[in-house]
Amino acid sequence: MEKTTPLFLQALSGAVTKTAPIWLMRQAGRYLPEYREVRKKAGSFLNLCFSPELAAEVTLQPIRRFDFDAAIIFSDILVIPYALGQGLSFIEGEGPQLEPLKNFQELGFKNFEKKLLPGYEALRLTKAGLSRDKALIGFAGAPWTLACYMINSRGDGEFKKAVEYMREKKSEFSILIDLLCEAVAQHLIFQLRNGADAVQIFDSWAGLLSGDEFDLWVTAPAQKIVSRVREKIPGALIIGFPRQAGEKYVSYAKQTGVSAIGLDPVANLAQFSAKTCLQGNLSPESLLAGGDVMRLETERILNNTRNRPFIFNLGHGVIKETPPDNVAALVKIVRDFKR
Ligand code: CP3
């Protein structure tokens, strides 16, 4: 591999690197004063996502401040339902809210690409602003997690309405999941064609399912998406993050063929073959705490992943009260650790 290949892409391609590359989920966001300033200027969160210059700026902020190995494009998983025609708003202090769906016929691809274009321009601008040793990550929500928000209208951590719908209206639900597989694959392909070096599929609520339901609504859709993306872009680098998959992580990794697997804070690293690239899995609470708590946990993770391809990350997103100094200290610990 070329010397200039970003460390992050080396690890994602299966190399055991001398230091572990590091980036953090939600590395751009409200814990950074420079983000809060741009966010204020943008007005609404969606306006920030769809203003290419501003989105590129907040994507690059954490790279400048912390020198992470990869930038993740500033956007949200819910831009897919929005682009399929479901109204979306972000209510201050409450999080996202989607318009209630009467039926899935309201959804379609008519304006899909057009609505997402500003995000693709943000990717191109970001790419132009990144040095060659840094990688750019695109992303999308996985069908199951998107369906949770789309059916429930909002996030409540339980998504009872979505789970009930999945069980009682299985054939309609299956049609929705197929539509979302198509939408997610397209969105990932567009991102890869507009500057993303790799993409991550966020299945934040995968842990609500188990057994056959997990295989059907988490693993199978991810497998379908991976193969569709690679039909168009052979060898595309894809990270799968089926959060809280527990014992299902291994079969998910095997069946989907993802390039790396994102692990939540309690996932067991030992269950994977030594060839699988892992990503994670410091708890966001340890980063919030900082000091010895963070250092000991970080070193434990680094020690347990010495002889395998590995990307350092959190097991979930940065908590907004996290002191930026803790993040700087974390990057130093990871860089000073020789694998
Ligand atoms: O830095 C990055 O990681 C890239 C940007 C990013 C955001 N959301 C920005 C954001 C990414 C990758 C996401 C993914 C996302 N969005 C997920 C999957 C990951 C996860 O957290 O499980 C989910 C479930 C969402 C949906 C979503 N968006 C929720 C539930 C919320 C409200 C929670 C909150 O923190 O306010 C959002 C809003 C959101 N997305 C913010 C950011 C920076 C905060 C909005 C603001 O600045 O006011």
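Small disclaimer: the values here were computed from a predicted structure and weren't measured.
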So does [Y] get a backbone contact from the side chain of [X], meaning a donor-acceptor N/O pair under 3.5 Å?
| X | Y | answer |
| --- | --- | --- |
| Ser227 | Lys224 | yes |
| Lys275 | Gly14 | no |
| Arg243 | Phe202 | no |
| Asn313 | Met25 | yes |
| Arg306 | Lys338 | yes |
| Gln86 | Glu99 | yes |
| Arg308 | Thr276 | yes |
| Trp144 | Trp205 | yes |
| Ser259 | Leu12 | no |
| Asp264 | Gly315 | no |

So, do [X] and [Y] have ring centers that fall under 6.0 Å from each other?
| X | Y | result |
| --- | --- | --- |
| Tyr165 | Phe104 | yes |
| Phe45 | Phe74 | yes |
| His187 | Tyr120 | yes |
| Tyr82 | Phe50 | yes |

### Query
Parallel, tilted or perpendicular: which fits the ring planes of His316 and Phe241, with parallel below 30° and perpendicular above 60°?
tilted
### Task
Assign the ring pair Phe66 / Phe68 to parallel, tilted or perpendicular, where the plane angle (0 to 90°) is split at 30° and 60°.
tilted
From [X] [atom1] over to [Y] [atom2], what is the distance, rounded to the nearest 0.5 angstrom?
| X | Y | atom1 | atom2 | value |
| --- | --- | --- | --- | --- |
| Phe337 | Ile301 | CZ | CD1 | 11.0 Å |
| Lys134 | Ile63 | NZ | CD1 | 7.0 Å |
| Asp76 | Tyr149 | CG | OH | 8.5 Å |
| Ile233 | Leu192 | CD1 | CG | 4.5 Å |
| Ser210 | Asp215 | OG | CG | 9.5 Å |
| Leu123 | Ile73 | CG | CD1 | 4.0 Å |

### Task
List the steps, then state whether salt bridge (Lys or Arg N to Asp or Glu O under 4.0 Å) holds for Arg295 with Glu299.
CA-CA 6 Å; Arg295 191 175 49 78; Glu299 287 172 357; 3.6 Å; yes
Please indicate whether [X] has more than 12 foreign heavy atoms, meaning atoms of other residues, nucleotides or ligands, lying under 6.0 Å from its [atom1].
| X | atom1 | answer |
| --- | --- | --- |
| Asp212 | CG | no |
| Asn307 | CG | no |
| Glu247 | CD | no |
| Glu37 | CD | no |
| Lys254 | NZ | no |

Ignoring hydrogens, what is the shortest heavy-atom contact between [X] and [Y]? Give both atom names and the distance.
| X | Y | value |
| --- | --- | --- |
| Ala11 | Pro21 | CB-CG, 3.8 Å |
| Val229 | Ala236 | CG1-CB, 3.8 Å |
| Leu88 | Leu78 | CD2-O, 3.5 Å |
| Pro324 | Tyr31 | CG-O, 3.5 Å |
| Leu54 | Ala42 | CD1-CB, 3.9 Å |
| Cys277 | Ile311 | SG-CD1, 4.0 Å |

### Task
Identify which one of Arg154, Lys160, Lys161 satisfies the salt bridge (charged side-chain N to carboxylate O under 4.0 Å, His left out) criterion when paired with Glu158.
Lys160
### Task
Please test Glu106 against Leu101 for side-chain contact (heavy atoms from CB on, under 4.5 Å), starting from the C-alpha separation and ending with a verdict.
CA-CA 8 Å; Glu106 295 168 43; Leu101 274 179; 4.1 Å; yes
Could you tell me if the side chain of [Y] sits less than 4.5 Å from the side chain of [X], heavy atoms only?
| X | Y | answer |
| --- | --- | --- |
| Phe8 | Ile137 | yes |
| Ile22 | Leu330 | yes |
| Pro81 | Leu146 | yes |
| Ile151 | Phe159 | no |
| Ser174 | Leu216 | no |
| Gln186 | Arg228 | no |
| Asp203 | Tyr252 | no |
| Leu84 | Leu180 | yes |

### Reference residue Glu297; test side-chain contact (heavy atoms from CB on, under 4.5 Å); the match among Asp292, Asn281, Ile333, Leu282
Leu282
## Note on the structure
Exactly one candidate in Glu121, Lys127, Arg124 meets side-chain contact (heavy atoms from CB on, under 4.5 Å) with Asn194; the answer is Arg124
### Message
Salt bridge or not between Asp69 and Arg335? Use side-chain N to carboxylate O under 4.0 Å.
### Response
yes
### Message
One thing to verify: whether Glu92 and Arg39 come together as a salt bridge, which I'm taking to mean a side-chain N less than 4.0 angstrom from a carboxylate O.
### Response
yes
Same cluster or not: [X] versus [Y], using hydrophobic residues (I, L, V, M, F, W, Y) connected whenever any side-chain heavy atoms lie under 4.5 Å apart?
| X | Y | answer |
| --- | --- | --- |
| Ile189 | Phe109 | yes |
| Leu179 | Val79 | yes |
| Val334 | Leu7 | no |
| Ile177 | Val218 | yes |
| Met294 | Leu296 | no |

### Message
What verdict does the side-chain contact (heavy atoms from CB on, under 4.5 Å) test give for Leu237 and Ser13, after you've listed the backbone C-alpha separation in whole Å, the side-chain angles of each residue and the deciding distance to 0.1 Å?
### Response
CA-CA 7 Å; Leu237 295 169; Ser13 307; 4.0 Å; yes
### Task
Go through the steps to decide whether Glu34 and Arg64 satisfy the test salt bridge (Lys or Arg N to Asp or Glu O under 4.0 Å), and finish with yes or no.
CA-CA 11 Å; Glu34 60 268 36; Arg64 285 189 210 117; over 6 Å; no
### Task
Could you check Thr126 against Leu60 for side-chain contact (heavy atoms from CB on, under 4.5 Å), going step by step and ending with a plain yes or no?
CA-CA 7 Å; Thr126 306; Leu60 291 167; 4.0 Å; yes
